[in-house]
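Structure record follows, encoded as structure tokens.
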Amino acid sequence: MNQRVEHLEHTVTSLVTSQQQNLKQITELFTKLNTLSSHQEKGETSHATVALASFHLEGDAQLWFQLAKPEMGAISRNDFKEGLHSRYGPTQLADYFRELTKLQQTSTIKDYHTHFEKLLAKVGHLPQGRQVSCFISSLHDSIKADVLVNRSTTLTQAIELARLCEAQNLF
């Protein structure tokens, strides 16, 4: 009986904490929306945009913003963008295209596909044919041959074929 009461007390406490966090977030959102509205009335949309964008920051980015606000005062859109980019953007030494071309399928197609798309997003625009070529070239040999035979013209087709081949090889 005591365990059930303790469990119930823990659940209630957890719910109260969660509700308090939600209330705090909603209050912050309304504060930022009011700031946005007042800045728009004055024609100062840059600071209002930053206030609204900052609401969506999470984790380390939110912590960075909370520490930067008192230091920088009113943060312009450009300062906000540059601050985020310098703190969380790629370094000059990052070569995502090289990483993409060196990537190898070491587990499931799903895992490989996820990692491939993360790197592809960091690389930027690549023509569809180049995307397909990079994706197929790093597949396991047993899957690669089957996908190549079907001459995929889009990345989506190549991924679907690879998943199909993987499923067939499992059975």
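Small disclaimer: the values here were computed from a predicted structure and weren't measured. Sequence positions, counted from 1, serve as the residue numbers for this chain.
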Under 3.5 Å: donor-acceptor pair, side chain of Glu166, backbone of Ala162 | no
Quick one: does Tyr112's side chain have a donor or acceptor within less than 3.5 Å of a partner on Phe135's backbone?
-> yes
Which heavy atom in Ser152 sits nearest to a heavy atom in Leu161, and how many Å separate them?
-> OG-CD1, 3.1 Å
For Phe116 and Gln131, the nearest pair of non-hydrogen atoms, with its separation, is CZ-O, 3.5 Å
Decide yes or no on side chain to side chain contact (heavy atoms under 4.5 Å, CB included) for Glu99 and Asp95, but give the supporting numbers first.
-> CA-CA 6 Å; Glu99 284 185 50; Asp95 186 354; over 6 Å; no
Establish whether Leu164 and Leu148 are linked, either directly or via other cluster members, by ILVMFWY side-chain heavy-atom contacts under 4.5 Å.
-> no
Check whether any side-chain heavy atom of [X] sits under 4.5 Å from a side-chain heavy atom of [Y], and report yes or no.
X: Ile159; Y: Thr154; value: no
X: Leu126; Y: Phe97; value: yes
X: Leu139; Y: Ile109; value: yes

Applying side chain to side chain donor-acceptor pair (under 3.5 Å), which residue pairs with at least one partner in residues 134-150 are found, sequence neighbours left out?
-> none
Applying side chain to side chain donor-acceptor pair (under 3.5 Å), which residue pairs with at least one partner in residues 100-111 are found, sequence neighbours left out?
-> Ser107-Asp111, Thr108-Asp111
Taking atom types as modelled, find out whether Glu160 and Thr156 have a side-chain donor-acceptor pair closer than 3.5 angstrom.
-> no
Rounded distance (nearest 0.5 Å) linking atom CD of Glu117 with atom CG of Leu100 | 11.0 Å
